[in-house]
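Contents: one structure, followed by commentary.
Lettering of chains follows the sequences in order, A, B, ..., and the numbering in each one begins at 1.
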Amino acid sequence: MARPYYVTTPIYYVNDRPHIGHAYSTVAADVVSRYQRLRGNPTYFLTGLDEHGLKIERRAREEQLAPQDFVDRMAAPFRSAWEELDCAHDGFIRTTSAEHRQSVQAIWKMMKDRGDIYLDDYEDWYCVGCESFKTVKELLEGNLCAIHRTPVERIKERSYFFRLSNYTKPLLNHYEAHPDFVQPDARFNEVKSFVKEGLRDLSISRTSFRWGVPVLDDEEHVVYVWLDALTNYVSALGGPAPEGEAPLYDEFWTSAQTITHIVGKDILRFHAVYWPAFLLSAGVRVPSQIWAHGWLTVNGEKMSKSLGNFLPPGPLVEAFGADVLRYYLMREVGFGQDGDFSHRNLMARYNGELANGLGNLMNRIVASIVKRNLDGRVPSAGLDDLEDADRDLIDTAKAAAHEAAQHLEALAFHRALDTTWELVSAANKYVDSTEPWRLAKQGAKQRLEQVCYTVLETLRWLSIMLFPVMPNKCNELRGQIGMPPLLPTEGVDLWPSAWGGLRPGIETRAATPLFPRFDEAQERSILERLAVDSPGSDAK
RNA sequence: GGCGAUGUAGCUCAGGUGGUUAGAGCGGGCGUUUCAUACGCGCUAGGUCGGUGGUUCGAGUCCACCCAUCGCCA
């Protein structure tokens with residue numbers, strides 16, 4: 001049974017350069033998509049760029065480029081960032097593409113045909129510095145902009161409006177019918193209380209700039225950036241379109257089992273309120289879930305333009321490798337909560353969990369015991385001769401795989417990894433308690449084979465369970481235990497559930513440690529190379 | 001100002017519907033093995049569970065108020 005899964009990141013504003021926050025969203029979406037593919041589900045992973053707006057128009061002019069040339073140039077670093085991080089998206093949507101523009105106009109028409117769009121005068125206070133309207137309550141005394149502290153002007157602009165006010169009730173109904181529509185729950189509460197206050201009609205066109213999607217039949221207006229941007233999720237699939245005209249849209253939107261939008265908490269309202277309202281109006285299916293993750297600080301400090309501490313992912317990938325960075329991002333902070341990206345923490349987890357835990361587990365068995373005593377081959381082991389210790393580890397593996405899967409379904413990446421490490425830890429304890437090196441000396445061949453097989457099979461399970469987060473390292477691990485790389489296949493569920501998939505007789509290929517430990521000198525030089533202040537070295 | 005959270009060991013956090021000595025990981029301390037990436041394993045942390053007052057035979061776990069931090073809306 002095909003259960004199409006569609007996962008998206010926000011489209012990033014192309015005016016920025018990719019930083020660790022973008023990477024966080026994108027890696028999370030990639031992990032989701034890799035997990036779904038492992039389970040055999042048809043999966044589509046979309047990311048992309050928001051390339052319209054006044055800011056882009058201006059920047060392009062400053063750089064004396066046509067806006068399109070400017071965004072073309074700015075798009076490149078995003079593409080390469082996702083490649084470096086092994087984020088294997090299926091689609092990369094750019095809002096300046098012709099298909100996207102058509103989709104925006106198509107949605108506009110559907111909303112208009114519904115009678116939800118009208119032209120009216122919009123009059124309010126306007127701050128020239130902000131380039132935006134302000135409500136009275138946002139102003140300081142004396143009609144000053146709270147940000148610029150300059151007087152605001154009374155401006156009247158003709159604009160198209162969307163009858164958002166008509167959707168207060170339908171949205172509340174939708175929320176009630178879909179208690180998981182927004183995650184985490186606390187964020188959902190915010191959304192609900194915002195909507196309960198009652199929604200006002202939304203201005204959805206601008207005449208103050210040109211760099212956008214022209215409004216259908218009224219080219220003086222450009223479509224409001226958020227209506228434009230949100231539409232990317234369907235335009236990338238060729239929608240909205242009548243059935244049969246856009247196969248991707250049929251599969252991954254209209255009849256998708258699950259549609260998950262991963263977003264930062266700052267843009268939750270647009271996704272949880274405006275977007276479903278637009279879709280309800282257009283008569284288009286609403287996504288299953290909006291997942292709002294938290295913000296990352298960097299070494300305890302907020303990333304900001306003024307501090308100039310935007311952390312690009314590139315140098316981190318160079319220093320640690322994509323898999324390790326992905327692991328750290330998914331492991332360190334609970335998805336949905338704010339957290340801190342700390343170089344020191346990353347290295348501590350690397351040494352403690354990856355090197356000492358998983359890496360050493362593989363190494364002590366594969367490169368040492370199996371290689372020296374079993375001719376480097378996977379031994380045969382009968383399920384009939386299992387001892388209690390073996391059964392315990394197998395049970396632990398089964399429980400961990402089951403739990404980790406549940407956590408991954410729920411995008412609780414940190415919990416999934418936590419659970420997985422319980423298995424790593426149990427396996428290390430198992431090796432200690434069964435003492436295979438002693439079995440070898442004693443010539444207890446059969447028992448030795450059983451023990452080694454049990455650990456190797458555990459490693460095989462781990463190579464699958466960790467694959468969504470660390471695809472390359474997992475394939476390396478598989479290589480060392482004699483397994484081929486994982487090849488997710490539609491319709492085939494590869495998630496481990498039955499013990500004994502590792503075939504006896506195959507040759508293991510011991511190689512260098514998976515995660516070579518950093519010594520202090522290396523840590524220092526990495527920190528230096530990345531130009532990280534080291535206030536943490538409180539030695540003297 | 002309105003609404004909603006959060007406040008548990010040095011750090012990061014778990015602790016459905018109240019019930020014997022409040023948990024985990026990391027860090028710290030002690031011990032131990034030697035197969036392994038000086039890795040692993042075992043033991044250890046005596047923390048007024050933000051504060052006060054209640055309900056109850058019994059409360060991190062329910063109620064009230066207070067303090068602090070944060071988020072959303074204004």
Side-chain angles (χ1 to χ4, degrees), chain A residues 134-140 146 182 184-200 264-270 272-273 292-295 297 300 302 328 331-342 344-374 389 403 407 412 414-415 417-422 424-442 448 451-452 455-456 459 473 477 480 510-520 522 536 538:
Chain A
K134 305 277 169 182
T135 57
V136 181
K137 287 168 182 166
E138 290 175 278
L139 300 176
L140 301 178
V182 175
D185 292 337
R187 296 277 163 214
F188 202 3
N189 288 338
E190 290 176 4
V191 169
K192 286 177 193 162
S193 61
F194 173 76
V195 174
K196 271 183 202 150
E197 297 286 306
L199 298 168
R200 287 190 310 182
K265 59 183 185 177
D266 55 325
I267 53 174
L268 177 58
R269 191 207 298 176
F270 303 103
V273 180
H293 69 244
W295 284 128
T297 52
K302 203 171 159 184
Y328 177 71
R331 181 71 186 87
E332 177 66 25
V333 329
F335 203 60
Q337 292 184 292
D338 289 343
D340 185 46
F341 181 99
S342 141
R344 288 175 183 286
N345 245 323
L346 188 160
M347 291 191 288
R349 286 201 183 273
Y350 177 87
N351 273 348
E353 294 165 0
L354 296 176
N356 298 348
L358 176 61
N360 187 52
L361 171 67
M362 182 199 71
N363 204 53
R364 64 200 298 210
I365 282 296
V366 178
S368 175
I369 296 165
V370 171
K371 186 176 180 184
R372 280 186 217 150
N373 303 294
L374 298 175
E403 252 183 73
H407 288 138
H414 59 301
R415 287 182 195 268
L417 290 170
D418 206 28
T419 300
T420 306
W421 248 259
E422 282 172 24
V424 171
S425 171
N428 267 320
K429 290 190 211 328
Y430 173 82
V431 174
D432 268 64
S433 72
T434 53
E435 300 180 289
W437 52 90
R438 184 205 292 240
L439 296 171
K441 274 184 207 144
Q442 292 171 341
L448 174 67
V451 166
C452 287
V455 179
L456 288 170
L459 285 167
K473 289 293 183 182
L477 194 169
Q480 296 212 27
T512 52
L514 254 192
F515 303 101
R517 207 181 142 77
F518 294 139
D519 60 33
E520 280 182 41
Q522 283 172 299
D538 46 62

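Between the CD atom of A:Glu197 and the C1' atom of B:A74 there is a distance of 8 Å, rounded to whole Å. In this structure, CE of A:Met347 is placed 17 Å from C1' of B:U37, rounded to the nearest angstrom. Distance CD (A:Glu435) to P (B:C35): 11 Å, rounded to an integer number of Å. We find that CG of A:Leu361 is positioned 11 Å from P of B:G40, with the value rounded to whole Å. Whole-Å rounding puts the A:Glu422 CD to B:C26 C1' distance at 15 Å. Atom C1' of nucleotide B:C35 and atom CG of A:Leu439 are separated by 11 Å, given to the nearest angstrom. Here B:U34 presents its P atom at 13 Å from CD1 of A:Ile369, a figure rounded to the nearest Å. Atom CD of A:Glu190 is separated from atom C1' of B:U6 by 13 Å (rounded to the nearest Å).
Annotation: B:A5 and B:A14 have their P atoms spaced 16 Å apart (nearest Å). Nucleotides B:A74 and B:G16 are separated by 36 Å at their C1' atoms, to the nearest Å. B:G42 and B:G54 have their C1' atoms separated by 46 Å, with the value rounded to a whole Å. B:C49 sits 12 Å from B:G23 when the C1' atoms are compared, rounded to a whole Å. Using C1' as the reference atom, B:A36 and B:C41 are 13 Å apart when rounded to the nearest Å. Rounded to whole Å, the separation between the P atoms of B:A24 and B:U32 comes to 23 Å. Straight-line distance between the C1' atoms of B:U55 and B:C65: roughly 15 Å, to the nearest whole Å. B:U61 and B:G15: their P atoms are spaced 15 Å apart (whole Å).
For A:Asn189 and A:Gly357, each mapped to the nucleotide of RNA chain B holding its nearest heavy atom, the one lying further toward the 5' end belongs to A:Asn189. Where A:Ile365 and A:Asn356 each meet RNA chain B at their nearest nucleotide, the meeting point lying more 5' is that of A:Ile365.
The CG atom of A:Asn345 sits 4.5 Å away from atom CD of A:Glu332, with the distance rounded to the nearest 0.5 Å. Here the CG-OG distance, from A:Leu358 to A:Ser425, works out to 12.0 Å after rounding to the nearest 0.5 Å. Atom-to-atom distance recorded for A:Lys265:NZ and A:Trp295:CH2 is 8.0 Å, nearest 0.5 angstrom. In this structure, A:Gln480 CD and A:Leu514 CG are separated by 5.5 Å, a value rounded to the nearest 0.5 Å. The CG atom of A:Leu374 lies 4.5 Å from the CG atom of A:Leu448; values are rounded to the nearest 0.5 Å. Interatomic distance, CG of A:Asp418 versus NE2 of A:His407, reported as 8.5 Å (0.5 Å rounding).
Applying the 90° cutoff around 0 to the glycosidic angle, B:G60 is assigned syn.
The A:Arg517 side chain lies nearest to B:U37 when the options are B:G40, B:G71, B:U37. If you check B:C41, B:U34, B:C72 against the side chain of A:Trp437, the one that comes closest is B:U34. In this structure, the nucleotide among B:G40, B:C73, B:U37 sitting nearest to the side chain of A:Pro513 is B:U37. Among the nucleotides B:C41, B:U37, B:G40, the one closest to any side-chain atom of A:Phe515 is B:U37.
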- side chain to side chain contact (heavy atoms under 4.5 Å, CB included) between A:Trp437 and A:Val431: does it pass, once the steps are laid out? CA-CA 9 Å; A:Trp437 52 90; A:Val431 174; 3.8 Å; yes
Self-check item: Residue pair A:Leu199, A:Phe194: steps toward the side chain to side chain contact (heavy atoms under 4.5 Å, CB included) verdict
Solution: CA-CA 8 Å; A:Leu199 298 168; A:Phe194 173 76; 3.7 Å; yes
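Around NZ of A:Lys192, the count of heavy atoms belonging to other residues, nucleotides or ligands within 6.0 Å exceeds 12.
Salt-bridge check for A:Asp432 with A:Arg364: passed, with a basic side-chain N closer than 4.0 Å to an acidic carboxylate O.
Among the protein residues, A:Ala355 comes within range of the nucleic acid bases, having at least one heavy atom under 4.0 Å from a base atom. Using a 4.0 Å heavy-atom criterion, one finds that A:Arg349 contacts no nucleic acid atom at all. Among the atoms of the strands shown, base atoms are found under 4.0 Å from some heavy atom of A:Leu514. Nucleic acid contact for A:Pro436: none, since no nucleic acid atom lies under 4.0 Å from a heavy atom of the residue. As judged by a 4.0 angstrom heavy-atom cut-off over every strand, A:Lys441 is placed among residues touching the sugar-phosphate backbone only.
Of the residues in residues 331-340 of chain A, none has a non-hydrogen atom less than 4.0 angstrom from any atom of RNA chain B.
Ring geometry for A:His293 versus A:Phe335: interplanar angle of 30 to 60°, hence tilted.
For B:G40, the OP1/OP2 oxygens have no side-chain nitrogen or oxygen of A:Asn360 closer than 4.0 Å. Here A:Arg372 reaches the OP1 or OP2 of B:A36: one of its side-chain N or O atoms lies under 4.0 Å away. The phosphate of B:G42 (OP1 or OP2) has a side-chain N or O of A:Lys429 nearer than 4.0 angstrom. In this structure, A:Arg269 reaches the B:C73 phosphate: one of its side-chain N or O atoms is under 4.0 Å from OP1 or OP2.
In the interface, the side chain of A:Asn363 is not paired with the base of B:A36 through any donor and acceptor atom under 3.5 Å apart.
Listed by chain and number, the residues in a side-chain hydrogen bond (donor to acceptor under 3.5 Å, both in side chains) with A:Asn360 amount to none (sequence neighbours excluded).
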Here RNA chain B, pairs taken as Watson-Crick or G-U under 3.5 Å and shown with ( ), [ ] when crossing and | when to another strand, reads (((((((..((((.....[...)))).(((((.......))))).....(((((..]....)))))))))))).
